[in-house]
Amino acid sequence: MSVSSIVVADDHPVFRTALSTLLRKSVSNAVVETSDIGEALAVAREGAHPALFVLDLYYARVSILQALPKIRAEFPRIAIVVVSMAEDQATIRSVMASGVNAYVSKAMPPESIIEAVNLVLAGETVVKVPGYRAEPASRPLSERQLEMLTYIAQGKSNKEIATALAISPFTVRIHVSALFRAIGVNSRAAAVTKGVNDGLIDPLSLAS
């Protein structure tokens, strides 16, 4: 495993093979393919310690949406990317609220899918769906969310934030995802821009 391994679980063989080949060429040569979500989870339970799950949202037309929070809780150190044909905003927001790191439409070009995976591996939360609009902010930020925004503006990674606050990187990830939803953005760069424009952070606090 170069980036550690990546587990791809999709029951559409043509898409699964194409995506796995793309990931091997662009991200990691250690990609495990399976058509079954249960087998994907078994790989991690058996000690493979993958860096990333790439999961479809539907298996035999059955959604795994309700299972995603349990998967996230069981594997807090494994990034999760959901890749699906579903593009309605209600589904996307429900999936992202479950604690996954990215939602990517299968209609996106290959380079966009790889970009999303690399951003997730770098600690970003990503949505790549044609026409997707981030949910606008509807309430003031909590003290913790403002704290996350300040650290992000200073260029700190999730691991660095976790060390500074004496909490786990997984907990940081949850707070960062909540921040993104609260201010209606999908990336750290957009969060900083939004924070500066809305007067939530001082531009002078930005890392040089």
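This is a predicted model, so every value here is computed, not measured.
- Only one option out of Val54, Asn29, Leu19 pairs with Ile6 in a side-chain contact (heavy atoms from CB on, under 4.5 Å); it is Val54.
- The only option from Val31, Asp10, Val7 that meets the side-chain contact (heavy atoms from CB on, under 4.5 Å) definition with Ser20 turns out to be Val31.
- Clustering ILVMFWY residues whenever any of their side-chain heavy atoms sit less than 4.5 angstrom apart, transitively, puts Leu119 in a cluster other than the one holding Ile174.
- A donor-acceptor contact shorter than 3.5 Å is absent between the side chain of Arg181 and the backbone of Arg93.
- A continuous path of hydrophobic side-chain contacts links Leu179 to Ile167 [ILVMFWY only; heavy atoms under 4.5 Å].
- Taking 4.0 Å as the cut-off between side-chain N and carboxylate O, Asp56 and Arg16 do not count as a salt-bridged pair.
- In summary, Arg24 and Glu33 engage in a salt bridge, as defined by a charged side-chain N under 4.0 Å from a carboxylate O.
- A donor and an acceptor atom, one from each side chain of Glu124 and Ser187, are nowhere located under 3.5 Å apart.
- Residues Ser94 and Thr91 have side chains that never bring a donor and an acceptor to within less than 3.5 angstrom of each other.
- Phe15 carries Lys106 over the face of its six-membered ring, with the cationic atom under 6.0 Å from the centre and within 45° of the normal.
- Minimum heavy-atom separation, Ala86 to Tyr103: O-OH, 2.7 Å.
- The closest donor-acceptor contact from the side chain of Thr163 to the backbone of Lys159 lies under 3.5 Å.
- If you chain together hydrophobic residues whose side chains sit under 4.5 Å apart, Ile80 and Phe170 never meet in one group.
- Ionic pairing of Arg61 and Asp11 is not present here: no N-O contact between side-chain nitrogen and carboxylate oxygen is shorter than 4.0 angstrom.
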